[in-house]
Each structure stands twice: as C-alpha cells, then as structure tokens.
Amino acid sequence: MSKAIFWFRRDLRWEDNIALARACHDCESVFPIFIFDENILNKLDKSDHRVNFILQTIHRLNDKFPISVYFGKPIDVIEKIIKQHDVQQIYCNKDYEDYSLKRDSRVEKMLTKYQVKLHSFHDHLTHEPTSLTTLQGTPYKVYTPFKNKWLELTSNNMARIGEFKLKPKKMSQDLLKGCMKNPQLKDIGFTSASIPLPELDPKKMFKNFKPSINSYKDQRDLPSLDSTSKLSVHLRFGTISQRLMFRYLYENDLQGSTWASELIWREFFSYSLFHFPHSEKSEFNLKYTDIPWDKNTKNHKAFVTGQTGYPIIDAGIRELLGTGYMHNRVRMVVASFYTKNLLLDWRVGEKFFAKYLYDFDKTANVGNWQWASSTGCDAQPYFRVFNPESQALRFDKEAIYIKKWCPELRDLPAKLAISPYNIKPIDEALYDFKVGKNYPEPLVDLKGTRVRAIAHFSEYVSRKDALDHGSPKKKS
Ligand SMILES: Cc1cc2nc3c(=O)[nH]c(=O)nc-3n(C[C@H](O)[C@H](O)[C@H](O)COP(=O)(O)OP(=O)(O)OC[C@H]3O[C@@H](n4cnc5c(N)ncnc54)[C@H](O)[C@@H]3O)c2cc1C
C-alpha cells in the first residue's frame with residue numbers, strides 16, 4: 001500500500017489544492033504534515049502575529065482531517081519521518097522564493113538516499129513563471145503586455161484555473177509519530193501577539209466581496225471604505241485558492257475587471273522576482289543600482305512611529321501597527337513619502353512593512369516598494385512624487401480615515417485634519433489645538449523635498465550615463 005506525505009507550506013487549505021489532490025489520486029493513504037520551520041521562525045519576533053495566524057489556521061484545518069505538526073528544520077523533520085514510517089512519496093506545491101527553492105532542492109537530494117520521491121506542483125500562481133515570455137523569449141518587464149499574455153494563455157487553457165478535488169477516503173485519520181499534540185504558541189517558543197487576528201474564513205470573505213467587484217474600480221482608492229477584498233493575507237498563505245477567484249471571474253465575464261487586474265499584479269510581481277532575483281536586494285532597474293539614499297535615523301523613526309506631522313502618512317502607519325494591514329492607496333503614498341520626500345532606502349522601508357504586514361509577501365512587497373521608489377519593474381517615473389496632502393484631499397476628503405487613526409485630529413474640520421500645519425491662530429484658540437503640542441510639526445517641507453528628490457535621481461542618472469558611455473575623447 002503506498003503511503004504519501006502531503007507537506008503544507010503556503011497552501012493552507014484542503015480545497016482546490018493541486019499537490020494534495022494528486023497525492024490522493026496517486027496513493028492509497030495521505031498524511032498531511034506542517035512544519036514550523038526553525039530557520040524562518042528564529043528570525044522573527046517571539047510575538048509575531050503571522051505565526052499565530054498560521055497556528056489558528058492549522059487548528060481550523062484540523063477540524064476536517066488531522067495534520068501532523070512539527071517544529072524544526074524541514075530537512076531534519078522529513079528525514080526523521082521517513083526513517084520512522086514506511087513512506088514512499090512526498091507531495092508539495094512549489095514555492096518560488098529563493099529560500100524555498102534552495103530548501104526544496106536540499107530536501108529532494110536527501111530523499112534520494114531513501115528512494116523517496118518529492119513531487120512538487122505548480123499551484124500558487126496560474127501560470128508557471130517560465131511559461132510566459134515575450135516574442136523574443138525573454139521575460140516581461142512591463143505589466144500590461146504581461147497581463148495581455150496572461151489573459152490569452154488562460155482563455156486558451158481554462159484547465160489552468162480548473163478545480164482540483166481531494167478524495168476524503170484517502171485522507172489518513174491518524175497522526176504520525178513524533179508530531180506535536182494540539183500545538184500551542186508556547187510549544188514553538190512564541191507568545192500571543194498584540195495585533196488582532198484578521199477574519200480567518202476566506203470563503204466567507206470572498207462571498208461577501210463578490211457583489212462589490214463591479215464598484216471596486218471606483219471605490220478601491222478610498223481608504224475610509226471597506227471596498228477591497230482584504231483577501232491578501234489568504235492569498236499569501238494559500239488559505240484560499242487563487243484559481244477559485246479566477247474561475248468566478250471568468251464564469252461571470254469579469255476577467256477584464258479592475259479587481260482581476262490586481263490579482264494579475266500579484267502574479268506579475270512573483271513572476272518578476274523569479275526571473276530577476278537580483279531585485280530582492282538591489283534596484284531592479286540597473287540605471288539606479290547603488291543610487292545613494294539618505295540615512296537620517298530621526299526621519300526614519302518619526303516615520304515608523306506614525307509621527308511625521310503628515311496625517312495621511314501617520315494614519316497609514318498607525319493602521320499598519322494596529323492591524324497588520326494598510327490600505328493600498330495609503331501604502332503607495334507612504335512608500336513614496338519614505339523614498340522620495342525623505343529619500344530613505346526602499347530596502348529599509350520594505351523591511352519595516354515585512355515586519356508588520358499580515359499579507360507580507362516578499363514578491364509583492366519588494367515589487368511595490370521598488371515601484372514607489374521608481375527603481376523597480378514597470379515603476380512610476382522618478383519625477384512623479386505623490387503629494388500626501390493632495391492625495392488625502394482627493395481620497396479622504398472628509399478625513400474619515402485620518403481621524404480614525406489620528407484621534408488627536410478628530411475635532412478639527414476635515415480640511416484642517418488633512419493639513420493641520422495650515423491652522424490659523426484664531427482656529428488654534430477655537431479648537432484648542434496647536435501643531436507641535438497636540439500633533440507633530442511636519443517633519444520635512446513637501447515642496448523642497450520633492451525638488452531635491454527629482455534632482456537627486458536626475459543627477460544620478462546623468463552621472464551614470466556619462467560613466468557608462470565614457471566622456472568624448474579630446475582631439476589631440
Ligand atoms: C509599498 C507597498 C507594499 C505592498 N506590500 C504587499 C505585500 O507585502 N503583500 C501583498 O499581498 N500586497 C502588497 N501590496 C499590494 C497591495 O497593497 C495589497 O495587496 C492590498 O492592499 C491588499 O488588500 P486587499 O486584499 O483588500 O486587495 P484587493 O484590492 O482586494 O486586491 C485583490 C488582491 O490582488 C493582489 N494585489 C492587489 N494589489 C496588488 C499590488 N499592487 N501588487 C501585488 N498584488 C496586489 C492582492 O493579492 C490582493 O489581495 C503592497 C503595496 C504597496 C504600495
């Protein structure tokens with residue numbers, strides 16, 4: 001009787017899970033496992049909220065079939081399982097991040113000693129990163145042609161978004177030896193987090209969100225509304241299948257919708273980091289490699305504590321610190337402020353987001369930070385610098401979002417809550433409010449820092465061009 005292990009990683013769901021469905025199809029009995037990876041956990045704060053999210057998700061999954069949960073280095077845990085059990089196959093879904101690719105290749109090599117095969121499947125994205133190329137056979141660097149090709153490939157092969165069902169009878173009802181019984185945070189050295197858990201039922205969320213897909217285009221930029229899906233954390237951990245969403249969009253002729261485009265942006269950034277791994281740590285656009293960034297720790301500190309004196313920025317940071325989430329429009333404005341007005345390094349901003357976001361996904365985070373800092377793949381040009389005040393006037397004109405996260409501005413009229421630094425003495429007395437006392441003074445001057453950023457980028461590019469092409473030779 002052939003026994004298989006199904007190894008959960010960033011695909012924490014029973015439904016529509018390719019590797020799990022294949023394990024059920026190919027083998028007599030399937031034992032699901034999850035490993036709290038010591039290599040990853042050791043780098044996190046001991047109250048990291050994402051660890052709790054994973055644990056609670058596992059408890060939810062356990063209600064249906066038992067999962068054997070372990071803590072340790074995946075290669076050691078798997079070797080131990082192989083030695084203790086008569087397992088012939090291991091199934092998992094591919095994870096394209098650098099660490100995961102290396103981990104899987106080491107595990108695969110170790111397994112050959114025991115004649116056990118690691119079967120890995122493509123599940124996390126609709127198309128394998130290697131299957132989309134330009135006519136010249138090179139990877140796409142621009143989103144729109146990538147998206148067009150993505151839509152063409154999907155329409156030509158709807159099986160790519162088909163459903164993969166498990167066979168309940170093949171799922172083992174037993175736990176494996178040496179696994180943790182009813183694991184709790186303390187068993188893996190963690191404590192509970194101060195950031196609350198998000199909704200844990202992605203199917204319920206998607207059901208509730210469906211009627212909003214048509215209005216998404218007009219409302220998605222308004223941070224005071226609950227008009228986006230909030231499914232990013234579930235896509236990150238695979239608690240919902242991306243195919244389920246695309247199936248729904250295609251069945252309802254919504255594949256051309258703005259929301260579908262956002263899901264394709266997710267695929268684009270994964271694709272981009274896979275093909276251009278240098279961009280994880282270095283500027284994607286070689287024109288900006290090694291562009292100098294400011295190292296002003298005072299500015300960084302004011303930013304990460306939500307004390308910049310610019311309400312839309314501070315509201316965004318406080319939303320992030322309080323919930324592990326930040327609205328997309330605000331993420332864009334905040335990242336632009338950090339890298340342009342403060343001229344601080346996008347890598348440091350990216351790391352800060354990585355620590356707090358529930359939906360932190362290296363591919364999307366790096367891609368978007370580089371987009372905002374103008375150094376990335378299909379990024380906005382360097383001379384586009386979001387003005388936080390005009391962005392707030394446009395997208396939070398009643399200051400509802402600002403007042404929610406900056407309660408010290410609650411009693412001011414909306415216009416003043418957006419730019420409290422414009423308050424007149426007569427209003428200071430009226431509202432008993434003073435910048436510098438009730439709310440921080442603006443950290444930097446918006447106009448001056450905008451001009452400085454544009455000049456900085458422009459001078460760097462000109463200098464680099466001159467160096468790359470060499471200065472014209474003088475005639476003797
Ligand atoms: C500086 C910055 C950092 C970001 N970091 C992350 C990150 O670490 N993880 C992450 O999932 N998203 C990141 N995003 C993208 C985006 O902000 C979030 O995906 C979105 O806000 C999540 O909310 P939602 O689920 O309601 O999205 P919706 O608006 O409902 O969109 C649906 C889904 O599409 C995907 N998506 C939407 N916008 C983007 C985008 N710009 N790039 C990639 N995928 C997108 C997400 O999976 C999202 O859940 C970042 C954006 C910026 C500007």
Side-chain angles (χ1 to χ4, degrees), residues 10 50 53 97 124-126 143 146-147 150 198-199 202 205-206 208-223 225-246 248-249 254 257-273 280 303 313 316-317 319-320 323-340 344-380 384 386 391 395:
R10 51 187 302 167
R50 281 79 53 102
F53 175 85
E97 282 189 18
H124 177 62
L125 303 170
T126 310
Y143 170 73
F146 169 88
K147 177 180 136 186
W150 187 102
E199 168 63 58
M205 291 167 78
F206 186 39
N208 292 341
F209 176 69
K210 282 173 187 171
S212 315
I213 294 178
N214 280 319
S215 56
Y216 176 84
K217 184 172 187 265
D218 299 324
Q219 301 198 327
R220 68 185 170 136
D221 280 319
L222 308 176
L225 299 182
D226 196 13
S227 59
T228 67
S229 70
K230 300 265 177 83
L231 281 164
S232 49
V233 57
H234 294 287
L235 284 159
R236 159 66 184 86
F237 291 104
T239 39
I240 192 163
S241 154
Q242 45 83 18
R243 283 184 302 279
L244 172 81
M245 295 178 200
F246 283 120
Y248 176 82
L249 292 170
L254 286 165
S257 65
T258 306
W259 195 65
S261 296
E262 295 306 317
L263 291 174
I264 302 173
W265 266 107
R266 168 183 168 273
E267 306 228 350
F268 179 60
F269 282 132
S270 284
Y271 169 91
S272 166
L273 194 59
E280 183 185 337
F303 177 86
I313 307 290
I317 299 297
E319 181 185 24
L320 175 66
T323 65
Y325 180 83
M326 193 196 297
H327 187 277
N328 179 59
R329 167 60 52 178
V330 188
R331 291 188 205 199
M332 286 157 65
V333 178
V334 155
S336 166
F337 182 77
Y338 190 82
T339 54
K340 302 279 178 65
L344 291 168
D345 193 334
W346 62 268
R347 277 162 286 244
V348 186
E350 193 271 331
K351 207 164 157 205
F352 167 63
F353 266 34
K355 182 169 175 192
Y356 288 99
L357 281 176
Y358 259 116
D359 64 28
F360 164 60
D361 183 319
K362 194 175 283 168
T363 64
N365 207 35
V366 163
N368 279 289
W369 269 93
Q370 289 225 45
W371 178 88
S373 66
S374 300
T375 60
C377 180
D378 201 7
Q380 64 168 344
R384 273 202 72 197
F386 284 121
Q391 289 284 311
F395 298 114

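We count ligands from 1, going down the list as the structure has it; atoms in each ligand are counted the same way.
The single protein non-hydrogen atom nearest to atom 3 (C) of ligand 1 is Asn365 OD1, 3.2 Å, given as residue, atom name and distance. Among protein heavy atoms, the minimum distance from atom 42 (N) of ligand 1 is reached at Asn368 ND2, 3.0 Å. Counting protein heavy atoms only, atom 9 (N) of ligand 1 is closest to Asp359 O, 2.9 Å. Atom 32 (C) of ligand 1 has its closest protein heavy atom at Trp259 NE1, 3.2 Å. Looking only at protein heavy atoms, the nearest one to atom 48 (C) of ligand 1 is Ser232 CB, 4.1 Å.
The shortest heavy-atom distance from Met332 to ligand 1 is under 4.0 Å. Within the 4.0 Å heavy-atom shell around ligand 1 one does not find Phe268. The closest approach between Trp371 and ligand 1 stays at or above 4.0 Å for every heavy atom of the residue. In this structure, Phe209 does not count as a contact residue of ligand 1, since none of its heavy atoms falls inside 4.0 Å of the ligand.
Here Trp371 and Tyr143 keep their ring centres 6.0 angstrom or further from each other.
Contact annotation: for Asn328 versus ligand 1, heavy atoms closer than 4.0 Å belong to both the backbone and the side chain. In Ser229, the parts holding a heavy atom less than 4.0 Å from any atom of ligand 1 are both the side chain and the backbone.
Of all the atoms in ligand 1, the ones that sit under 4.0 Å from a non-hydrogen atom of Tyr216 are 28 (P), 29 (O), 31 (O). Atoms of ligand 1 found under 4.0 Å from any heavy atom of Leu235 (numbered from 1 in listed order, with element): 47 (O), 49 (O).
Distances from atom 38 (N) of ligand 1 to the heavy atoms of His327, Glu262, Lys230, Met245 show the closest one on Glu262. Between Arg236, Lys362, Arg331, Glu350, it is Arg331 that holds the heavy atom closest to atom 18 (C) of ligand 1.
Applying the side chain to side chain donor-acceptor pair (under 3.5 Å) rule to Tyr338 yields the partners His300; only residues at least two apart in sequence or on another chain are considered. Under the rule for a side chain to side chain donor-acceptor pair (under 3.5 Å), Lys210 has no partner lying at least two apart in sequence or in another chain.
Ionic pairing of Asp359 and Arg266 is not present here: no N-O contact between side-chain nitrogen and carboxylate oxygen is shorter than 4.0 angstrom.
For the atom pair Glu199 CD and Asn208 CG, the distance stands at 8.5 Å (nearest 0.5 Å).
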